[in-house]
There are 2 protein chains.
Amino acid sequence: MTTTSPQGRTELLRPDGSPVRVLVVDDELSITELLSMALRYEGWQIRSAADGTGAVQTAREFRPDAVVLDMMLPDMDGLAVLGRLRRELPDVPVLFLTAKDAVEDRIAGLTAGGDDYVTKPFSLEEVVARLRGLIRRSGAADRRSDSVLVVGDLTLDEDSHEVSRAGDGIHLTATEFELLRFLMRNPRRVLSKAQILDRVWSYDFGGQANVVELYISYLRRKIDAGREPMIHTRRGAGYLIKPAVS
Amino acid sequence: MTTTSPQGRTELLRPDGSPVRVLVVDDELSITELLSMALRYEGWQIRSAADGTGAVQTAREFRPDAVVLDMMLPDMDGLAVLGRLRRELPDVPVLFLTAKDAVEDRIAGLTAGGDDYVTKPFSLEEVVARLRGLIRRSGAADRRSDSVLVVGDLTLDEDSHEVSRAGDGIHLTATEFELLRFLMRNPRRVLSKAQILDRVWSYDFGGQANVVELYISYLRRKIDAGREPMIHTRRGAGYLIKPAVS
DNA sequence: CCCCCGCCTGTGAATTCTCTGAGAAACCCA
DNA sequence: TGGGTTTCTCAGAGAATTCACAGGCGGGGG
């Protein structure tokens, strides 16, 4: 089931109307804090654990609808944690966090079961999107909720990553896609460059804030090119997207 | 929930009808005083603390709906304070105060959880507006409260920063927008130039008082242009805005 | 009725913000 | 390993915004 808040954002809910529950497992406090903050903001209920033992314990009583699991934990191997979690909650989808250079083949095998993974350092947009996908597909949330964002004649499919305006397919790079997704999930709302940076770029990004301007520029070329513009600048405040008409 | 006071101002209230509670944390007394005064004027209940330890302590018993937190505290790092606050009050939104040049510093990720920040020196309008936004979105206040101010046929949307009169969109600059917002939040009430200056301009503004006249003039051109005027001068007292049809 | 003070507004300059081209570095896939 | 793609830095151009200054206007007290 989905519901629309007054701000116009759509939230995932469980069939019984209660908030989705997510368990976050990572030994770095800064990561669990960051994720907890961001996921709570999605309207989800969050519990966190710092090691495998704690994870299994918490899972038993919290009964989460999804788990975010760092593969690198102090007390036991990620696979072992996964095994015990599965004994506890056979059907819960898991989003793995892995180091960039980690053995991807092992992960690949694991995600065959409908799970998914992101590499550190990740962007929050990425984590939230993957998690939404997992929860949606697991059936914990109402299945009718779909994965297509629409603003005016612009559509973005979060599953297939297809974007089109007025029927014309548009090719976007990964970063462009995430930026557009963030804008489209907050239509008609001014988003500051800081907000965009925090959400779309990795948490360890230390570069110039003008990458946001740059990517807005890229998006405009692809999306607004020769059409009625949908992406608008609010000088001194940020950017927003809205349907072309009105 | 929102309610309208006898003076015609709309106030944010918690679902149970009690006033919103805000904790202000800053080591400079002049800042906490300034903020406390301004926020009390909004009808909110304010408590303040001068350091991290005091902040956590006060938060524990005061249970604020929002926190204003200076990132630069004598006893501990802003992030450390944040962590402890979060342990105490997982869902409370935080408005960070940061020095202008320290923005890049370690603000990264902070706005991701729905939090927000303003740079010093700030204007009170800015702080109040951001705080209202945070509280509104956090759900501490009734969700029916929305982000659109209306006076006569003039509307101002705080989310999209859009302004229109009788359906015609009007483009305002950042300062014009803040001034109009202040006027519209106090319809039919005379606001002195001093009040406006204190509220809309940064607290360290050292310029000529006639910027207010100047910006009123700008607003009139854009809003009253060729229409029944809504912005009125009370010679010797100040300005006020009210619906055109008296 | 006149003058003073407060208010209005045109001009222009300094500043800040945004956009975008060019190119280097990292990345990806074969 | 090699070429195409993507990400990001740097820097200059250009535009928008802010603000000071100063002359003009006009309301209303005397």
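Here is the naming used below: chain letters follow the sequence lines, and residue numbers restart at 1 for every chain. Basis for what follows: all heavy atoms, side chains included, without hydrogens, waters or symmetry-related copies. In this text, all values refer to a predicted model and were calculated from it rather than measured experimentally.
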Without decimals, in angstroms, what is the distance between A/Y218 OH and C/dC19 P?
14 Å
In B/S/- notation (B base, S sugar-phosphate only, - none; protein heavy atoms under 4.0 Å), nucleotides 24-30 of chain C written 5' to 3' is -------
Assess whether a salt bridge exists between A/E126 and A/R181, defined as any Lys/Arg side-chain N lying under 4.0 Å from an Asp/Glu carboxylate O.
no
Taking atom C1' of C/dT16 as reference, at what distance in whole Å does atom NZ of A/K193 sit?
11 Å
Contact check, side chains of B/L97 and B/M71, non-hydrogen atoms, under 4.5 Å:
no
Sub-6.0 Å ring centroid separation between A/Y239 and A/H232:
no
Report the distance from atom NE2 of B/H171 to atom C1' of D/dA16, rounded to the nearest whole Å.
8 Å
In whole Å, what is the span from the NZ atom of A/K222 to the C1' atom of D/dT7?
12 Å
Between the side chains of A/D168 and A/R227, is the shortest nitrogen-to-carboxylate-oxygen separation below 4.0 Å, so that they form an ion pair?
yes
Any chance the side chains of B/R137 and B/S147 put a donor and an acceptor closer than 3.5 Å?
no
Verify whether one side chain among B/T98 and B/T119 offers a donor that lies under 3.5 Å from an acceptor in the other.
no
Are any of A/T173's side-chain N or O atoms less than 4.0 Å away from OP1 or OP2 of D/dT5?
no
Heavy atoms within less than 4.0 Å of DNA chain D: which residues of residues 228-239 of chain B have one? Give them sorted by number.
B/R235
Can you find a pair of side-chain heavy atoms, one from B/L95 and one from B/V67, that are under 4.5 Å apart?
no
Check: B/R220 and B/T233 side chains under 4.5 Å, non-hydrogen atoms
yes
Under 4.0 Å between any heavy atoms, over every strand shown, what does B/L214 touch: base, sugar-phosphate, or nothing? Just pick one.
base
Working note: A/T155 + A/V163, criterion side chain to side chain contact (heavy atoms under 4.5 Å, CB included); need CA distance, chi angles, decisive distance, verdict.
CA-CA 6 Å; A/T155 65; A/V163 174; over 6 Å; no
Integer-rounded Å distance: D/dT18 P and B/E176 CD
7 Å
Would B/L240 and B/L191 count as a side chain to side chain contact (heavy atoms under 4.5 Å, CB included) if you check the C-alpha gap in whole Å, the side-chain angles of each, and the deciding distance to 0.1 Å?
CA-CA 6 Å; B/L240 86 162; B/L191 300 166; over 6 Å; no
Rounded to 10°, the helix from C/dC1-D/dG30 to C/dA30-D/dT1 deviates from straight, judged by its five-pair end axes, by 30°
Scan the side chains in residues 30-37 of chain A for donor-acceptor partners under 3.5 Å anywhere in the protein, sequence neighbours excluded, and list what turns up.
| residue | atom | partner | partner atom | Å |
| --- | --- | --- | --- | --- |
| A/T32 | OG1 | A/L29 | O | 2.9 |
| A/S36 | OG | A/T32 | O | 2.6 |

Between B/T175 and D/dT18, is there a side-chain N or O to OP1/OP2 distance below 4.0 Å?
yes
With the side chain counted from C-beta on, respond yes when B/V148 and B/V150 share a heavy-atom pair under 4.5 Å apart, and no when they do not.
yes
Just grab all the side chain to side chain donor-acceptor pair (under 3.5 Å) pairs involving residues 200-215 of chain B, residues at least two apart or on different chains.
B/K193-B/E213
Which whole-number value in Å describes the distance from A/E213 CD to D/dA11 C1'?
13 Å
Interatomic distance where CG belongs to B/D224 and C1' belongs to C/dC8 [whole Å]:
14 Å
Rounded distance in Å - CZ (B/R221) to P (C/dC8)
12 Å
Please give me every residue in residues 201-211 of chain B whose heavy atoms get under 4.0 Å of an atom in DNA chain D, ordered by residue number.
B/W201, B/F205, B/G207, B/Q208, B/N210, B/V211
Can you check whether B/T173 reaches A/R235 side chain to side chain, under 4.5 Å on heavy atoms?
no
